[in-house]
Amino acid sequence: QVQLVESGGGLVQAGGSLRLSCGVSGRTSSSYIMGWFRQAPGKEREFVGAISRSGESTYYGDPVKGRFTISRDNAKKLVYLQMNSLKPEDTAVYYCAASTVYTITSTGIDYAYWGQGTQVTVSS
């Protein structure tokens with residue numbers, strides 16, 4: 001079993017930056033593919049990006065490519081989502097998730113563990 005806790009959300013102006021953190025407790029964090037998803041009001045959950053167990057590989061959804069970066073520190077059991085050049089359409093609740101599948105995946109059902117989410121609001 002693993003528990004995930006996100007932090008770092010808040011209100012930021014368009015063009016600004018935020019860094020979200022996800023703390024992983026329970027089993028060794030390097031056991032999991034880690035992903036970030038988001039859900040805006042009235043919209044379906046959307047894949048943001050994911051990182052491999054070692055941190056060497058990342059994969060991003062098209063809306064955030066070139067603006068968001070995922071990294072991880074397995075020793076500290078932390079996963080980060082650095083968000084730059086934020087846009088109002090990035091406003092959503094952001095969720096950290098952990099998966100035991102073999103390789104990076106963008107499919108939500110592949111992630112067995114989810115955090116409670118953190119709100120990110122980007123003002124225009």
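Heavy-atom basis, side chains included; hydrogens, waters and symmetry copies ignored.
Between F37 and W114, the ring planes are tilted. Angles from 30° to 60° get that label.
Here the side chains of Q82 and S17 are in contact, with some heavy-atom distance below 4.5 Å. Annotation: side chain of Q13 is not in contact with side chain of P88 (no heavy-atom distance under 4.5 Å). Using a 4.5 Å heavy-atom threshold, the side chains of V12 and M83 count as separate. In this structure the side chain of Y111 never reaches within 4.5 angstrom of the side chain of M34, judged on heavy atoms. When side chains are defined from C-beta on, I104 counts as touching S57, because their heavy atoms get closer than 4.5 Å. Side-chain contact check for Q39 versus E46: every heavy-atom pair is 4.5 Å or farther apart.
By the criterion of side-chain heavy atoms lying less than 4.5 angstrom apart, applied directly or through intervening Ile, Leu, Val, Met, Phe, Trp or Tyr residues, V93 is not grouped with Y113; the two fall into different hydrophobic clusters. Tracing side-chain contacts under 4.5 Å through hydrophobic residues (I, L, V, M, F, W, Y), one reaches I70 starting from L86; they form part of the same cluster. Under the 4.5 Å side-chain heavy-atom criterion for Ile, Leu, Val, Met, Phe, Trp and Tyr, V79 and V120 are members of the same hydrophobic cluster. The hydrophobic clustering, which links ILVMFWY residues whose side-chain heavy atoms are closer than 4.5 Å, places L4 and I33 apart. W36 and Y95 are members of different hydrophobic clusters when ILVMFWY side chains are connected at heavy-atom separations under 4.5 Å.
Interatomic distance, OG of S106 versus OH of Y59, reported as 5.0 Å (0.5 Å rounding). The CG atom of D73 lies 10.5 Å from the OG atom of S21; values are rounded to the nearest 0.5 Å. Taking CG from N84 and OG1 from T69, the interatomic distance works out to 6.5 Å, rounded to the nearest 0.5 Å. For the atom pair NZ of K77 and OG of S30, the computed distance is 9.0 Å after rounding to the nearest 0.5 Å.
Remark: side-chain polar atoms of T121 are not paired, donor with acceptor, to backbone N or O of L11 under 3.5 angstrom.
Counting only N and O atoms by type, the side chains of S25 and Q3 include a donor and acceptor under 3.5 Å apart.
Pairs engaging residues 53-69 under the salt bridge (Lys or Arg N to Asp or Glu O under 4.0 Å) rule: D62-K65, R67-D90 [sequence neighbours left out]. The list of disulfide bond (SG atoms under 2.5 Å apart) pairs with a residue in residues 45-107, not counting sequence neighbours, reads C22-C96.
The side-chain hydrogen bond (donor to acceptor under 3.5 Å, both in side chains) check on T105 picks up D110, with sequence neighbours excluded. Applying the side chain to side chain contact (heavy atoms under 4.5 Å, CB included) rule to A112 yields no partners; only residues at least two apart in sequence or on another chain are considered. Not a single salt bridge (charged side-chain N to carboxylate O under 4.0 Å, His left out) links E89 to another residue, sequence neighbours left out.
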* Could you check Q116 against V5 for side chain to side chain contact (heavy atoms under 4.5 Å, CB included), going step by step and ending with a plain yes or no? => CA-CA 7 Å; Q116 83 289 348; V5 179; 4.2 Å; yes
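Aromatic ring centres of Y60 and F47 lie farther apart than the 6.0 Å criterion allows.
Contact record, R38 with A92: CB-CB, 3.8 Å, taken as the closest heavy-atom pair.
In the hydrophobic clustering, where aliphatic and aromatic side chains (Ile, Leu, Val, Met, Phe, Trp, Tyr) are joined below 4.5 Å either directly or transitively, L78 groups with Y80.
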